[in-house]
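Heads up: the structure comes next, in structure tokens.
To find a chain, count down the sequence lines: A is the first, B the second, and so on, and within it residues start at 1.
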Amino acid sequence: MKILVVDDETDVRDLFQQRFRREIRSGEMSFSFAFSGEEAMTYLRAHHSEVLIILSDINMPGMSGLELLSHVKEEFEMPPTTMMMITAYGDDESYSKAMELGANDFLTKPVDFAVLKDKLLQLIP
Amino acid sequence: MEATPSNGQLLFLAPLALLIIRGLRRFLDLPARLSWNNLLRYIWVPGVVLFLMGWVFNLHSPLLVDGYWLFVLLVVATVLVALRDYRPARTLLLALAPFLINKLLEFVLTGADGRLPKRFDQVLDTTQGFAIVWLITFIIIARNQKKTLEQERLQREEEEKAKRLIEAQNVELERLVVERTAALTFQAEELRSALTELRTTQAQLVQSEKMASLGELTAGIAHEIQNPLNFVNNFADVSVEMLAELREEQARPIRDPELEADLLADIAQNLQKIHHHGQRAASIVKGMLEHSRASSGERQPTNINHLADEYLRLAYQGLRAKDKTFNATLNTEFAPDLPLVQAIGPDLGRVLLNLFSNAFYAVRQRQLRGEAGYAPTVTVCTHQRGDQIEIKVRDNGPGIPETVRQKIFQPFFTTKPSGEGTGLGLSLSYDIVTQGHSGTLTVISEEGKYTEFLISLPINQAD
């Protein structure tokens with residue numbers, strides 16, 4: 001299961017790789033990282049059939065997570081099955097906007113990795 | 001003289017004498033000049049007395065008439081002598097002199113019978129004609145003199161009057177000056193106290209502006225601190241997990257040294273990351289404290305790139321916290337080998353924060369107009385130009401019209417709706433750059449395209 005994590009903080013990569021090291025080692029999950037919405041779009045255009053889940057931060061300079069969400073929904077006929085949005089601000093406006101744009105889930109920072117792991121494992125076919 | 005003089009002539013002479021005296025009085029202004037002027041009114045008395053005496057005693061001598069006539073002339077001469085200081089009087093005396101002498105001689109030479117000796121008669125008659133001509137001539141001259149004197153007097157009086165007027169005006173002016181000076185002193189005093197009050201208020205305003213910008217920052221700071229804290233927590237947490245896993249691995253009968261080494265390396269790396277993010281949070285807190293503190297005014301070698309980057313993110317996150325839907329592209333073009341600048345970090349930070357906040361506000365305004373394809377962009381560039389460091393803050397917002405551009409550095413000038421801006425941000429920024437750092441702060445803009453603020457700082461501050 002390929003997961004694309006989009007966040008402007010580069011240390012997110014190390015964090016995810018360590019948090020999910022067992023799943024990565026066992027080959028259950030594989031992670032790709034993009035550090036901006038634009039980068040995520042480029043990556044998706046190249047690898048879009050592989051990615052099943054997108055985990056995206058909302059507050060990023062440039063293209064925001066919500067914009068990325070709408071672009072993904074617009075551009076790809078077969079969008080990744082799941083889009084999860086992560087934000088530091090758990091405000092209703094962002095939540096409803098994300099849901100309106102077709103997000104599957106909405107998490108607030110700090111991310112509880114145990115909860116995230118459960119959610120991801122449920123998605124594994 | 002008639003051959004048979006009659007005493008009746010005295011009655012003719014008395015009013016004539018009175019007329020002469022009146023003429024004289026008017027001409028020489030006797031009441032003002034002569035103390036015994038009043039006596040002259042009785043000039044007719046001797047004439048009348050002589051007439052009565054002549055009538056009573058039946059005297060018929062031409063001497064009576066001549067004597068009286070001579071008496072009148074002598075009185076006139078005496079008056080003139082008494083007034084010799086007055087020039088027309090002297091001239092009149094001169095006019096009268098030949099006539100008087102003529103009359104005197106006539107009187108002296110006339111015999112008791114009232115007849116002149118023949119040989120004198122001819123001479124006296126001739127000289128009398130001459131004396132009369134002389135008299136009239138000099139009376140005219142005296143008149144002219146009097147006129148001239150009168151004119152001079154009038155002129156002097158005019159001058160005197162003008163002088164008095166000027167003096168009066170001077171006094172009035174003096175009074176006005178004193179009055180005005182008092183008013184001015186009072187005003188100066190009032191102004192001084194107003195100035196003191198203003199200075200105090202200004203200091204308070206500067207502080208409240210700092211606090212206002214701190215308020216803008218708080219959300220950004222919270223976000224900025226939240227991120228490193230999340231990392232600290234997560235890396236610490238995951239490290240604990242990994243240590244547990246490492247122990248498990250070590251307890252296995254068949255150990256995997258490669259995995260153990262990987263785990264150890266990761267743990268070591270995580271500790272470094274924890275340290276890094278801890279530092280990051282600490283520096284944000286420190287920056288916040290510095291921002292709110294009254295400026296210490298101490299210059300320290302400052303990395304402009306770091307400062308600009310820090311405040312750019314704080315400003316952006318601050319705005320994002322208030323307005324979730326806001327988004328902008330941040331371009332940073334930092335010169336990699338920029339020398340350190342002697343600067344008061346927190347002060348310069350405030351300037352940058354202000355410029356960034358304005359830039360974000362500008363692009364936000366333009367974004368809200370809903371132009372198709374508009375990408376809000378804020379760019380920060382640093383570079384060295386000679387012995388100056390330049391920081392450019394550029395936004396592709398709506399631009400600033402020329403009329404507004406002239407006023408933006410004035411205190412309390414703001415284009416934001418009331419309650420949103422104090423109007424002090426740019427004016428304080430201007431003071432910090434120009435007075436605090438001997439630099440310049442300028443702005444260029446094109447309406448509908450961009451606005452660019454340029455801070456120019458000398459690398460080596462003069463003092």
Applying a strict 4.5 Å limit to non-hydrogen atoms, the region of E67(A) in contact with chain B is side chain
Within residues 13-25 of chain A, the residues sitting under 4.5 Å from chain B by heavy atom, in sequence order, are D14(A), L15(A), Q18(A), R19(A), R21(A), R22(A), R25(A)
Applying salt bridge (Lys or Arg N to Asp or Glu O under 4.0 Å) to D8(A) and not counting sequence neighbours gives none
Residues 254-277 of chain B vs ring-ring contact (aromatic ring centres under 6.0 Å, His included), sequence neighbours excluded, gives F231(B)-H277(B)
task: Would you check if T329(B) and M63(A) make a side-chain contact, meaning some heavy-atom pair closer than 4.5 Å?
output: no
Turns out that what part of L229(B) lies under 4.5 Å from chain A's heavy atoms comes down to neither
Residue set satisfying salt bridge (Lys or Arg N to Asp or Glu O under 4.0 Å) with E447(B), at least two apart, ordered chain then number -> none
| query | Considering residues, nucleotides and ligands other than K109(A), do more than 12 of their heavy atoms fall under 6.0 Å from its NZ? | reply | yes
Self-check item: H47(A) NE2: over 12 foreign heavy atoms closer than 6.0 Å
Solution: yes
(Q) Quick check on Q250(B): does its CD atom have over 12 non-hydrogen neighbours (other residues, nucleotides or ligands) under 6.0 Å away? (A) yes
query: More than 12 non-hydrogen atoms from neighbouring residues, nucleotides or ligands closer than 6.0 Å to CZ on R369(B), yes or no?
result: yes
Whatever's closer than 4.5 Å to a heavy atom in chain B on V12(A) counts as both
Cut-off 4.5 Å, heavy atoms of chain A, and the answer for N331(B) is neither
- Message: Check this for me: does any side-chain nitrogen of one of R280(B) and E9(A) sit under 4.0 Å from a carboxylate oxygen of the other?
- Response: yes
If one checks every heavy atom of E241(B) against chain A at 4.5 Å, the contacting part turns out to be both
inquiry  = Side chains of D11(A) and F235(B), heavy atoms from C-beta outward: is any pair under 4.5 Å?
reply    = yes
